[in-house]
There are 2 protein chains.
Amino acid sequence: MARDTTQVKAEGTETPKRGSGSAHVYKVLRNEIIDLALAPGSPMDELQLAERFSLSRTPIREALVRLSVEGLITTLPNRATIVSNIDFLNLSQFFDALTLMYRVTTRLAAGHHNPDDIARMRAKQEEFTRAVDARDALALIATNRDFHLEIARAGGNNYYTELFTRLLDENRRILRLYYSSFNDELPRRYVIEHDQMIAAIAARDIEEADRLASAHAEQIVTQIQSYITADKRVNAKLPL
Amino acid sequence: MARDTTQVKAEGTETPKRGSGSAHVYKVLRNEIIDLALAPGSPMDELQLAERFSLSRTPIREALVRLSVEGLITTLPNRATIVSNIDFLNLSQFFDALTLMYRVTTRLAAGHHNPDDIARMRAKQEEFTRAVDARDALALIATNRDFHLEIARAGGNNYYTELFTRLLDENRRILRLYYSSFNDELPRRYVIEHDQMIAAIAARDIEEADRLASAHAEQIVTQIQSYITADKRVNAKLPL
DNA sequence: TCCGAAATTTCTGTCGACAAATAAAATACA
DNA sequence: TGTATTTTATTTGTCGACAGAAATTTCGGA
């Protein structure tokens, strides 16, 4: 019973606040999808979700539409909507876009940032370092995402930040598949690379920031690729 | 009465087809927003739209959520949802992203295309040329968009195609403001540049394709900028 | 026992209605 | 006459219900 997720009580158990219903459902489901608490392919029954969140089907439906636009779920017309599969066939597209966004956002951050941005990056980097020290693979994946999003925000281009968010979330979903095979080597290197990136951005050295971002992206891409090729059950994940 | 758009009859007046209601509303509204038939800031009354499309509020609402996620409309909580303003303050973000997508998609097309792709590009380019010959500014804007989207599709990266679609639609919206001030010079040049781009892509000359895409983007950006600076009523469009 | 058609069930898409929240109008007061 | 407050009206957010489509089950025939 993969869909038997724990009941979610409305936060505070007080005023559920008019209009917040669908937003709440959206956030919860989104996190569950990204964290793979809801497996790709698992059905999203509206009636079941309505019961779980103690809401009518209408706000549930609104949340599902939002998720659908973002590509996190797929709706079969007149049939069940399911959690979107991770598309292992188009991974190269994904890697290409991810690398480009790493580079572009880092470049922009190097050019556009203000002191507050650097402070925020350092804070996120500290969280990331803590996750590495604690050998908490899940927190590591999440904080790494947040760190790079902070750079994107500092870059100040919303079009890039939005696409990058999507890509990093998808990345988080993929990495989540392999979190058990994490070793200690790579994360250590990531900590160092992150520090270098912050330094280059703070120094407004665009070319150096770009170089570091490229190398960092390369690391992550090859890491994922090695996980995938090492996975003997790869055929189990290929959507047919 | 800017919102008094012509009544839309269900296509064919036959079977409205279950499940197509909201999709239809979405498409129609999307086009009207992009074509500026619905002016930025104009309210999207659900009841009014329901009456206009002869539907209940539910499918209307679903379409509005879709548009909202794409940023085409803005929803004030518990209040009217309005057509999003064109953000003249963040134009540089827009130009930056547009230029990058022009370049990246053209590069990918030069590397990934197959013969069918070239044929499709030529077809779109022919439509564009016809619009230029007919001095039809509106068709010119639309067919230019379609031409470049065809290149993006040939490139084969859905992440880029999606972002590029958004950017080109936003561009179409901006250009629509200035269609009356179009002269004959620039479109002629665009026809030539488009032909050169097709040739470079067909020859799989990635660097040349990139160079042409950059130049093309530069043209368009400076064109828009000159329109904006020449517009004395610029303050009327600044969202306050 | 196995296969195909009919019946049933399940779930989505749509509808009309009600309640909360905001905006607009009306009223009271200085 | 101008401003603050109450009242009304409009509009969104949510709900329960119904009808159509698919999937599932049941039933009949070979």
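For the numbers below, each heavy atom of this structure counts, side chains included, while hydrogens, waters and symmetry mates do not. Every chain is numbered from 1 and lettered A, B, ... according to where its sequence line falls, protein lines coming before strand lines.
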By salt bridge (Lys or Arg N to Asp or Glu O under 4.0 Å), A/E127 pairs with (sequence neighbours left out) none
With sequence neighbours excluded, what pairs up with B/F164 under the ring-ring contact (aromatic ring centres under 6.0 Å, His included) test? B/Y102
Rounded to whole Å, how long is the line connecting atom CD of A/E51 with atom P of D/dC15? 14 Å
Take atom CZ in A/R122; do more than 12 heavy atoms of anything else shown fall under 6.0 Å from it? no
Suppose we screen for side-chain contact (heavy atoms from CB on, under 4.5 Å). Which residues come up paired with B/V83, at least two apart in sequence or across chains? B/I33, B/L38, B/S42, B/M44, B/R173
Residue set satisfying salt bridge (Lys or Arg N to Asp or Glu O under 4.0 Å) with B/R120, at least two apart, ordered chain then number -> B/D117, B/E150
For DNA chain C, the dot-bracket pattern of Watson-Crick and G-U pairs whose distances stay under 3.5 Å, | for other-strand partners: ||||||||||||||||||||||||||||||
With sequence neighbours excluded, residues passing side-chain contact (heavy atoms from CB on, under 4.5 Å) with A/S68: A/I73, A/T75
Residue whose nearest DNA chain D nucleotide is more 5′ - B/T81 or A/L55: B/T81
Can you check the A/I82 CD1 to D/dA22 C1' distance for me, whole Å? 15 Å
By a strict heavy-atom criterion of less than 4.0 Å, which residues belonging to residues 56-66 of chain A are in contact with DNA chain C? A/R57, A/R61
Across all chains, not counting sequence neighbours, the side chain to side chain donor-acceptor pair (under 3.5 Å) partners of A/E62 are A/S22, B/R61
When you compare the protein's N or O atoms with those of nucleotides 8-11 of chain D, which come within less than 3.5 Å of each other, and at what distance?
from	atom 1	to	atom 2	distance (Å)
D/dT11	OP1	B/D45	OD2	3.3

Test: salt bridge (charged side-chain N to carboxylate O under 4.0 Å, His left out). Region: residues 73-84 of chain A. Which pairs qualify, not counting sequence neighbours? none
Contacts of A/R107 meeting side chain to side chain donor-acceptor pair (under 3.5 Å) (sequence neighbours excluded), chain-then-number -> A/E207, A/D210
Taken in chain and number order and not counting sequence neighbours, the residues that satisfy side-chain contact (heavy atoms from CB on, under 4.5 Å) with A/E70 are A/Y26, A/R30, A/L72
